[in-house]
S.K.: 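Please see the structure below; I have some questions.
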Amino acid sequence: MFSQLVESFALSKLLTESPAKLKRFREKLLAWYAERGRDLPWRRTCDPYAIWISEIMLQQTTVAAVIPYFERFLDRFPTVQQLAAAEEADVLKLWEGLGYYSRARNLHAAAQDIATNHAGSFPRTAEELQSLKGIGRYTAGAIASFAFDERAPIVEANTQRLYCRLLGERGDPKSTGVQKTLWQFAETILPKNDCGLFNQALMELGGTVCTIESPSCGDCPASRYCVAARHDLQQQIPAAKRRSKPTPLVDVTVAVRKDDRYLIRQRGLGEWWTGLWDFPRLTLDETLLTRITLPSVPARSSRDQPNLFTREPVCEELRSTIEQFICDQTGVSCRLRGAELEVRHAVTRYKIRLFCCLADYQSGRLSSDQPLKWVRVNALSELAFSQPGRRFADRLIEIS
DNA sequence: TAGACGTGGCA
DNA sequence: TTGCCAAGTCT
């Protein structure tokens, strides 16, 4: 035990306080990155705008998911001025399916900020960058180092895991104390020059070698400096975080038909999928659920494999609840039809049973105090199963 | 400071 | 099927 403590201490000192070891570590890391680093679209450019877009898209999102969105976005908005001049709705539509839509709204707002308050030229320092909406400490450091080679440290999921293992840090990585240690470490190991390249190399190592489940320590240029590898603590470090169980919910969407069109509404502030278009949608409250019988599930269902139609009618209380909801939310009265659909979705912390009802317009005018539209749609059954963010708008015709 | 915010892939 | 996770930020 004592010898382990001595060794942990000695090793962590080696990396951060021995200039020779640190130099060797940097050389080995950069050599490894030159040989093994992936060729990704945003690594081929020094354009701060493109790097910014990629960094925002990559927040909590996999590389594979981002690539097509990144290409489309830059194709549509090649410069910060063009993004600033866009309608927010167009930016959101381009973002649809990526999730975390506030990223898109912040991106748009920040572009306008740059266009009007920074004379259209991109802020060059991490400090300035962090004053923009949606750019926190990590993203500011990433853009400043990748695009301008500022000596700015970075800590995000990949590097956090890497640093924790290198240091043998067993505490909760999210705790204030450990965060302070990690940011300090990130700054200490940064070389004088080529910081952008160095940061990319750190992230790449964390992302492809120093993985969560089975890190490839045999291929790691830093394993000889790694406390976790020395003591076989890769599974214990970093400390696992706990997640709460998803909350079960029952949602109902209603496709109200008038001639060949259906009623949709734009979701407002404080709701999920803010700014995206959706069928009117309500969450059934628990007391109602105790009184009614929901249509049974006809077949296998999962997040992405919706059930086929079921023809079970809803009970009278549910019918009147839904019809009243439509009237309150949209101003029109409607009559539910006999066909109801069901599907199950999991949305992050919620496990949602989703019923999709068809209804016929009866009478009334659309409320003028919120965005509502009658639109033609493609493939109603697919659309009814969709959530706003899951390519919903792609199935609408004549949305604007 | 913990919880909110989305979606898709993988075991 | 379920749970966990992915280049975080904001409140």
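In what follows, every chain begins at residue 1, and chains take the letters A, B, ... in the order their sequences are listed. Side-chain atoms are counted along with the backbone in the values below, which use heavy atoms only and exclude waters and symmetry mates.
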S.K.: With P as the reference atom in both, quote the distance from dG8(B) to dT9(C) in angstrom, rounded to an integer.
M.R.: 23 Å
S.K.: Knowing that exactly one of Leu318(A), Val254(A), Leu358(A), Val256(A) qualifies, which makes a side-chain contact (heavy atoms from CB on, under 4.5 Å) with Leu336(A)?
M.R.: Val254(A)
S.K.: Measure CD1/Ile352(A) against P/dT2(C) and give the value in whole Å, please.
M.R.: 14 Å
S.K.: Does Ser214(A) have any side-chain hydrogen bond (donor to acceptor under 3.5 Å, both in side chains) partners at least two apart in sequence or in another chain, and if so, which?
M.R.: none
S.K.: Can a cation-pi geometry be assigned to Arg281(A) and Phe279(A), taking NZ or CZ under 6.0 Å from the six-membered ring centre and within 45° of the ring axis?
M.R.: no
S.K.: Would you tell me whether Ser367(A) and Gln370(A) have side-chain atoms, one donor and one acceptor, within less than 3.5 Å of each other?
M.R.: no
S.K.: How would you label the contact of Arg161(A) with the nucleic acid (heavy atoms, under 4.0 Å): base, sugar-phosphate, or nothing?
M.R.: sugar-phosphate
S.K.: Check Phe185(A), Phe25(A), Tyr163(A) against Tyr225(A) for a ring-ring contact (aromatic ring centres under 6.0 Å, His included) and give me the one that passes.
M.R.: Phe25(A)
S.K.: Select base, sugar-phosphate, or nothing to describe what Ala142(A) touches, counting heavy atoms under 4.0 Å on all strands.
M.R.: nothing
S.K.: Please determine, by modelled atom types, if Arg103(A) and Thr61(A) share a side-chain donor-acceptor pair under 3.5 angstrom.
M.R.: yes
S.K.: Let me have the donor-acceptor pairs involving side chains of residues 189-201 of chain A, under 3.5 Å, with sequence neighbours excluded, atom names and distances please.
M.R.:
from      : atom 1 : to        : atom 2 : distance (Å)
Asn199(A) : ND2    : Ser145(A) : OG     : 3.1
Asn199(A) : ND2    : Ala152(A) : O      : 2.9
Gln200(A) : OE1    : Arg43(A)  : NE     : 3.0
Gln200(A) : OE1    : Arg43(A)  : NH2    : 3.4

S.K.: Can you confirm if the aromatic rings of Phe122(A) and Trp52(A) lie within a centre distance of less than 6.0 Å?
M.R.: yes
S.K.: With sugar-phosphate meaning primed atoms plus P, OP1 and OP2, does Lys133(A) contact a base, only sugar-phosphate, or nothing at under 4.0 Å between heavy atoms?
M.R.: sugar-phosphate
S.K.: Sequence neighbours excluded, which residues qualify as side-chain hydrogen bond (donor to acceptor under 3.5 Å, both in side chains) partners of Asn117(A)?
M.R.: Asp113(A)
S.K.: Which of the following nucleotides, dG8(C), dG3(C), dT7(B), is nearest to the side chain of Tyr138(A)?
M.R.: dG8(C)
S.K.: Would you classify Ile135(A) as touching base, sugar-phosphate or nothing, given that sugar-phosphate means primed atoms plus P, OP1 and OP2, and contacts are heavy atoms under 4.0 Å?
M.R.: sugar-phosphate
S.K.: Base, sugar-phosphate, or nothing for Trp42(A), non-hydrogen atoms under 4.0 angstrom?
M.R.: base
S.K.: Between Tyr101(A) (OH) and dG8(C) (C1'), how many Å, whole number?
M.R.: 17 Å
S.K.: Can you list, by residue number, the residues of residues 44-71 of chain A that have a non-hydrogen atom closer than 4.0 angstrom to DNA chain B?
M.R.: Gln60(A), Thr61(A)
S.K.: Please give me every residue in residues 195-223 of chain A whose heavy atoms get under 4.0 Å of an atom in DNA chain B, ordered by residue number.
M.R.: none
S.K.: Using a 4.0 Å heavy-atom cut-off across all strands, classify Arg349(A) as base, sugar-phosphate, or nothing.
M.R.: base
S.K.: What is the separation between atom OH on Tyr350(A) and atom P on dG3(C), rounded to the nearest whole Å?
M.R.: 16 Å
S.K.: Which part of the nucleic acid does Thr176(A) contact within heavy-atom distance under 4.0 Å: base, sugar-phosphate only, or nothing?
M.R.: sugar-phosphate
S.K.: Measure from the side-chain heavy atoms of Glu156(A) and tell me the nearest of dA7(C), dT9(C), dG3(C).
M.R.: dA7(C)
S.K.: I need the CH2-P distance between Trp272(A) and dG3(B), as an integer number of Å.
M.R.: 15 Å
S.K.: Going by side chain to side chain contact (heavy atoms under 4.5 Å, CB included), name the residues that satisfy it together with Lys258(A), two or more places apart in sequence or in a different chain.
M.R.: Tyr361(A), Trp374(A)
S.K.: Using the P atom on both, measure dG3(B) against dC4(C) and round to a whole Å.
M.R.: 15 Å
S.K.: Considering only side-chain heavy atoms of Ala157(A), which listed nucleotide, dG3(C), dA6(C), dG6(B), is closest?
M.R.: dA6(C)
S.K.: Rounded to whole angstroms, how far apart are CG on Asn106(A) and P on dT9(C)?
M.R.: 11 Å
S.K.: Provide, to the nearest angstrom, the distance between the CG atom belonging to Asn158(A) and the P atom belonging to dA7(C).
M.R.: 3 Å
S.K.: Measure from the side-chain heavy atoms of Lys245(A) and tell me the nearest of dG6(B), dA7(C), dG3(C).
M.R.: dG3(C)
S.K.: If you measure from the P atom in dA7(C) to the same atom in dA11(B), how many Å do you get, rounded?
M.R.: 16 Å
S.K.: Output the single nucleotide from dT2(C), dA6(C), dG8(C) whose closest atom is nearest the side chain of Lys351(A).
M.R.: dT2(C)
S.K.: Any idea which of dG6(B), dT9(C), dC5(C) is nearest the Tyr100(A) side chain?
M.R.: dG6(B)
